[in-house]
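As the structure is a computational prediction, the values presented were derived from the model and not from experiment.
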Amino acid sequence: MDLNYSKDDLAFRDEVRAFLAEKLTKELSEKVRLGGDLTKNDMEGWHAILNAQGWLAPNWPKEHGGAEWNAVQRHIFDDECASSHAPRVVPFGLSMLAPVLQKFGNQLQKDHWLPRILSGEDWWCQGYSEPGAGSDLASLKTKAVREGDDYIVNGQKTWTTFGQHANMIFCLVRTDSKVKQQAGISFLLIDMNTPGIEVRPIILLDGSAEVNEVWFTDVKVPVKNLVGKENDGWTYAKYLLTHERTNIAGVGFSTAGLAAVKRIAKAEMSGGKPLIQNPLFAARVAQVEIDLMAMNTTNLRIVSQAAAGGAPGVEASMLKVKGTIIRQEINDLARRAVGPYAMPFVSEAVEGSNEPLPDPHDAGPVAAQYFNNRKISIFGGSNEIQRGIIAKVKMGG
Amino acid sequence: MDLNYSKDDLAFRDEVRAFLAEKLTKELSEKVRLGGDLTKNDMEGWHAILNAQGWLAPNWPKEHGGAEWNAVQRHIFDDECASSHAPRVVPFGLSMLAPVLQKFGNQLQKDHWLPRILSGEDWWCQGYSEPGAGSDLASLKTKAVREGDDYIVNGQKTWTTFGQHANMIFCLVRTDSKVKQQAGISFLLIDMNTPGIEVRPIILLDGSAEVNEVWFTDVKVPVKNLVGKENDGWTYAKYLLTHERTNIAGVGFSTAGLAAVKRIAKAEMSGGKPLIQNPLFAARVAQVEIDLMAMNTTNLRIVSQAAAGGAPGVEASMLKVKGTIIRQEINDLARRAVGPYAMPFVSEAVEGSNEPLPDPHDAGPVAAQYFNNRKISIFGGSNEIQRGIIAKVKMGG
Amino acid sequence: MNFDLTDEHQMLQDSLRRFLKYSCNSKTRNEALSSETGVTSDLWHAMAEMGVIGAFFTEEQGGFGGTGADIALVFEELGRANVVSPFLDSALLSGRVLAAAGELDRVADLIGGDLQLALAHGEPTSRYDLNYVRTASVNGILNGRKAVVVNALASDILIVSARTSGKVYDEAGISLYFVEKDAAGLNIQDYALIAGGHAAEVTLDNVQGSLIGEEGKGFALLKEAYAIATVAQCAETLGEMTAATELTQEYLVTRQQFGRPIATFQALAHRMSDMLIEMEQARSAVIRAAGYFESDERTRDINIHAAKNLMGRAGRLIAEESIQMHGGIAMTQEYELAHIAKRITMADHRFGDTDYHLEKFMALTQS
Amino acid sequence: MNFDLTDEHQMLQDSLRRFLKYSCNSKTRNEALSSETGVTSDLWHAMAEMGVIGAFFTEEQGGFGGTGADIALVFEELGRANVVSPFLDSALLSGRVLAAAGELDRVADLIGGDLQLALAHGEPTSRYDLNYVRTASVNGILNGRKAVVVNALASDILIVSARTSGKVYDEAGISLYFVEKDAAGLNIQDYALIAGGHAAEVTLDNVQGSLIGEEGKGFALLKEAYAIATVAQCAETLGEMTAATELTQEYLVTRQQFGRPIATFQALAHRMSDMLIEMEQARSAVIRAAGYFESDERTRDINIHAAKNLMGRAGRLIAEESIQMHGGIAMTQEYELAHIAKRITMADHRFGDTDYHLEKFMALTQS
């Protein structure tokens, strides 16, 4: 057992740091740090910079242009990016669709779509959830009916993140309604510019407009855009869900968030002393820091097992639950830390303005972030679903 | 709305205080305060003192010799007894069996058994739980078969508190095994001196020996000892269970326990200062004190509604859950407060000795009390059962 | 001891609840939310006519109530209906300062619904410390900055605290002033609040103020007004928590997943039970804070600190669990719960947060 | 970075686990519990022969291990098998003090299994403060009282801390002494411990001691020995928590209520999931405390304080939830879980509790 980074790891970390110091602009990182909404250009720009460096796809095999880093390297990269406040790479094409195509796509599909994900030519979004389905993903109702060389798709998807930016969507659709729920589902790739598709924004409680409803009315999708076999989509969906769970513990985000809490609490005064010296607040900070230190090691233990061949199954669920609890606790500490300055409503997205924040500690976005991040324990398989998975694996039933 | 005691209430409180000051010996109250095990004599003596005063049976109607206090008076009495460290009155005859007899017993049974409960001539224990039944009370297996003027009882009861002292036991027994669980149960009164009954102590994890297994082998019970109708016992059992829940919030115990925690924390030194000045410990104490203040009012609100005619149903479950959480939290604080002195094992019950405790703050019993009181969220309908009741009443299903 | 409402309170509660049910809905609220100042003057006047503002003041002050119980009753109903309107800041907090200072003409205007006020007391680094005043007054000329002044833009006149003597955390030496909205040197940088309504950063650059009450004695007035405002805030939050819990109960019973109502999933059912238990505790805490408001100061303050701490903890549980059990729908702005949850959470940032009141409680009970 | 056990550690773990499974059961434990001193000498010697005690010391000290990882591995196995034996106090804590003081002959006896020790350091009002020493030494004549001295009665010789200079909380001026068991003026009031084993109140009334190491420099030795003892305690508790969790899992799957295994009740299933998550966190905390033991002192201490705090919190959860989910059976002394839960809980009272270590952690990370 050795908890220290190897020489190679340290060299890799230096390389990442140098890269971030050179390529990540102060303007962009400040926007990320302050929780500002990134424009499409911001995200595409960072995507292109990573692609030019060959670091866009850590998990992809080298043959497809991936970096093939090991678990420790991926962890180092995520960590450095989070603490430098680099933008999060949009995962839908890179980390979700790509593994499915690489495993289940045909050669034509691989050759066509994978390079376009790297180049940024396609911006993918995800068509999984439906209104009324919630955690019960398999109860989906969007239908695809075969007509000649096309499927005709009708129905509605929801919670589609960045649907307003995307030109492509991968969808789960029902191609057979007579069989039981999980059977009869297919996996389709759909051009968002096809007639009959409408995207409507959903404003979240913090005022942000990242997620959307996507409506399909008689949308024609060529049969060549079916991945794998008809009615076998549930298999691919489950495979995707395990691969969705990279960086699921969110250790990097929590680390950056905790640093921000400490920074605020050193500046904020309470009873004539810095808030960080208030024992009750300091104890809250210390407890979550201790949990995060352990989480960091739990994460490394699990991902290093995964690198060694074990698939992260129930462990991914554990990381998800505890990781979101820690992140949400840090969000809660941040809103407490800023005191009355948590109250102002500051949202460039909604107001379209960019006024200076009203307080001395960049406090503006912390309450919005607190509310926005309530989602992380709901979306991507709620914590209740994850607890059910853990119990089932560990105790059967 | 008026949160203050009325003049009459205050006069009643003074009367209770004067009574306790006169009748409760220092020796007995110290034994209670230090969590010592009370002897049978201790308990019978206190029972007799209360009976002489006419205060033994607050809930009984006056015709049977009860005090017929209102909810506020009962609360005052419980509160004063707890803060004076009076012994708890053994409830099995007084608060459990008596209401059942008063409502469902025949005249002969009432005339015979009720006076003997008051006089202390009979010491009752409870034969409800069975091994393997747990929270699923209706799955009981102890059988009573009618033979002439007798039932022949075979089976086993468990968790029978003070079974070693009792001369009578009220039992749920199965008189018909062909019907579904709740049906086919009868309510029998059984003399513990009948041949075929054996009582075996169960040592609890804190070393105490209060509860017992009771074994029945061909035990003859006269049919006149059947309460109500054969196979209708479940109705009486449920009635008893609601009446079991007097003083269910345990506010008095918590109040006394919290005072003890504060007393210890003022004497105990940490880093050169009294522990009560340590902000982390003080915050724990303050939080539970705040919860307890609210609980006190919740309790009064609920019992005063009950006095006004409403039956405490789901509210009793709420009091049980929150009341046990608060009591257990106070037990936890007490064990923390005494530091390393929580570790010694001090149990007069097991060791039969009465050596002075090894520390300066009467710390000896606090860890044992912590472990012993894990039972309060398990016995008498576990907190899981109570949460189920609340959800069922509030949301159906 | 008696937990029943008086007949008068029962009538007030009934009529308020009926009125708010009829006149407050997401449409009127969204109008208030998106209005320039956060105030809906129709609602304000209608409520004033019902005597709601009068209930905040004693008969000697020109009102017909003024007890903790009167005020808790009104604010619980406002919370239950999720009303966004500055009754707390404009009418109660500011009004009680003026009433205690003997400014009864202004109070009469307030009760009539014809006056909007704002109390500019907190400063950028005061956090929740009531004795922190750096803004200085020399012969009534004020200089300094006031932070997150709720209702500043909509107010007809500002009440501003300033230091006439002493050091920044001293209780003595704090004075109160009227400042006209059009006073030279006054700047109001207005912004919307997350939970609805507006506030502003107020800067004073050689602004002329006119003294309220006695010079240097403002702290006692502020402390008293903040105490009753804290009771009101707790009661309002209790109403909001009730609304959130009822919505969640209803959702659990209605919403189907895996072929059955999610209320039948035991993990959720048990968590709902815990929420309902904490609701009873929260109600008790508010009853105590309101019921002991007229007791001696120590008893009053202990129960107020206890209540605000308990509401902070229970409020967090109710808001977070309500969102989590709803799932995605609760994340959307158009669903009622999102708004309620924001109000519950933001209440923790008013008049001292969970830990602030815990420390005050500790100081009073563990010395 | 590498989380795998070395081949040597894997072998040690396998052989220990096999041995303990074979030789430790409730019968042997009850013998230890009811014995006069709490020590089972057969087990002690057998373990010493396996090299268990040698693993606590470096090669220079006469052992063949001594790292945080060596020690955590052994104590986790002891915990997993719920062994009641004073390895922690007699061999590790006392032994590491002697090894650091250069008393290598004694260490050799200890490794051979032929010596029982006890460290008499804490005092009736020292709580967890390591620098609190009131017991005084004047020319090696000791006067004072030592509290809850684990293994005192069974020890062959006592190690006693006493103050040779300075005030009661000073780190400088603490000296260490051997005190013979039959020394005049020494009184040992022995008692059993809740979690098994024995301890004693030790009073010293003009007792002759013989100096260990340098006069006045004892604190550094104590601090180092307490640090490794804390790691060992965390590892042992981790083993016990693993045992409790496994028992509970098994019980949930086996136990039927209302006609089905209680593992299928979702509320319990979800709570078990939370326990399993905290078990992973606890394991990580122990890995860190052990793995960083050889780092710089600050890194080492941060990770030890973090671990003991986390074990305190997770341990409480595991012990209390295991009992609650078992129900009545867990309340009985004869059921294995009762014993395990007591050991987990009582670990919070050794070498500083949950809050003590949180405060130490705060001091190191928030300055």
Side-chain angles (χ1 to χ4, degrees), chain B residues 1-6 9 70-72 75-76 262 265-266 274 276-279 281-287 289-305 308 314-315 317-323 325-326 383-384 386-397, chain C residues 1-6 9 67-69 72-73 245 249-250 252-253 260-261 263-264 266 268-288 290-292 295 302-303 305-310 313-314 354-355 357-367:
Chain B
M1 183 151 50
D2 182 4
L3 301 183
N4 298 305
Y5 286 130
S6 68
D9 292 336
N70 65 30
V72 174
H75 175 81
I76 289 172
K262 284 188 173 186
K266 278 175 186 163
I276 195 69
Q277 289 175 27
N278 175 293
F281 190 81
R284 291 184 191 277
V285 172
Q287 260 180 213
E289 183 165 0
I290 288 168
D291 289 344
L292 179 55
M293 284 163 61
M295 184 81 216
N296 191 14
T297 297
T298 305
N299 190 43
L300 282 166
R301 286 199 290 125
I302 288 173
V303 297
S304 68
Q305 274 169 20
V314 66
E315 288 81 6
S317 295
M318 291 182 169
L319 290 176
K320 169 89 198 283
V321 174
K322 192 67 188 182
I325 289 172
I326 289 174
N383 281 7
E384 287 75 25
Q386 308 298 343
R387 287 192 181 94
I389 291 170
I390 297 166
K392 192 165 182 179
V393 170
K394 296 289 185 174
M395 301 192 296
Chain C
M1 195 167 310
N2 179 6
F3 295 98
D4 298 330
L5 292 183
T6 60
H9 277 166
T67 66
L73 185 136
T245 305
Q249 258 178 277
E250 206 182 297
L252 291 181
V253 172
R260 54 193 175 110
T264 63
Q266 197 194 33
L268 299 186
H270 281 201
R271 281 158 61 184
M272 173 50 77
S273 298
D274 285 333
M275 285 170 63
L276 292 167
I277 290 169
E278 292 308 319
M279 284 305 303
E280 292 299 332
Q281 288 285 89
R283 178 162 302 282
S284 293
V286 171
I287 285 173
R288 294 177 67 94
Y292 287 120
S295 297
I302 283 177
N303 281 287
H305 297 315
K308 192 68 165 60
N309 171 265
L310 193 144
R313 290 183 284 134
T354 313
D355 283 348
H357 286 280
L358 188 65
E359 285 184 334
K360 295 281 178 191
F361 180 89
M362 284 156 65
L364 285 175
T365 57
Q366 293 174 346
S367 52

Could you check whether any side-chain heavy atom of [X] comes within less than 4.5 Å of a side-chain heavy atom of [Y], counting everything from C-beta outward?
| X | Y | answer |
| --- | --- | --- |
| Leu310(C) | Met293(B) | no |
| Leu358(C) | Ile290(B) | yes |
| Leu3(B) | Phe3(C) | yes |

Which of Ile276(B), Val321(B), Val72(B) touches chain C most, by non-hydrogen pairs under 4.5 Å: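 Option with the top pair count is Ile276(B).
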Winner by heavy-atom pair count (cut-off under 4.5 Å) against chain C, out of Asn296(B), Asn4(B), Val393(B), Asn383(B):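 Of the candidates given, the most pairs with chain C belong to Asn4(B).
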Test side-chain contact (heavy atoms from CB on, under 4.5 Å) applied to Met272(C) and Met395(B), step by step: CA-CA 9 Å; Met272(C) 173 50 77; Met395(B) 301 192 296; 3.8 Å; yes
Is [X] close to chain C through its backbone or its side chain, or both, or neither, when contacts mean heavy atoms under 4.5 Å?
| X | result |
| --- | --- |
| Asp9(B) | side chain |
| Gln277(B) | neither |
| Lys394(B) | both |
| Val285(B) | both |
| Asp291(B) | both |
| Leu300(B) | both |

What residue in [options] has the most heavy-atom pairs under 4.5 Å with chain B?
| options | result |
| --- | --- |
| Asp274(C), Leu268(C), Val253(C), Thr6(C) | Asp274(C) |
| His305(C), Gln281(C), Arg283(C), Gln249(C) | Gln281(C) |
| Ile287(C), Leu5(C), Leu252(C) | Ile287(C) |

Does any backbone or side-chain atom of [X] lie under 4.5 Å from a heavy atom of chain B? Answer side chain, backbone, both or neither.
| X | answer |
| --- | --- |
| Leu276(C) | both |
| Glu278(C) | side chain |
| Arg313(C) | side chain |
| Asp4(C) | backbone |

Residue pair Ala282(B) / Met362(C): nearest heavy atoms and the distance that separates them: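 Scanning both residues completely, I find the closest heavy atoms to be CB-CE, 3.5 Å.
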Nearest heavy atoms of Ala391(B) and Ser273(C), plus distance in Å: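 Scanning both residues, the minimum pair turns out to be N-OG, 3.4 Å.
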Between Ser284(C) and Thr297(B), a side-chain donor and acceptor under 3.5 Å: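 Thr297(B) and Ser284(C) do not have a side-chain donor-acceptor pair below 3.5 Å.
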Spacing of Glu289(B) atom CD and Asn309(C) atom CG [to the nearest 0.5 Å]: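 So the gap between those two atoms works out to 11.5 Å.
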Pairwise distance OG1(Thr365(C)) to NZ(Lys262(B)) - rounded to 0.5 angstrom: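 One gets 4.5 Å once the value is rounded to the nearest 0.5 Å.
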Within 6.0 angstrom of Lys360(C) NZ, more than 12 heavy atoms from elsewhere: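 Counting neighbours around NZ of Lys360(C), 12 or fewer heavy atoms of other residues, nucleotides or ligands fall under 6.0 Å, so no.
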Note: Arg301(B)-Glu280(C) ion pair, threshold 4.0 Å (strictly below):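 Yes.
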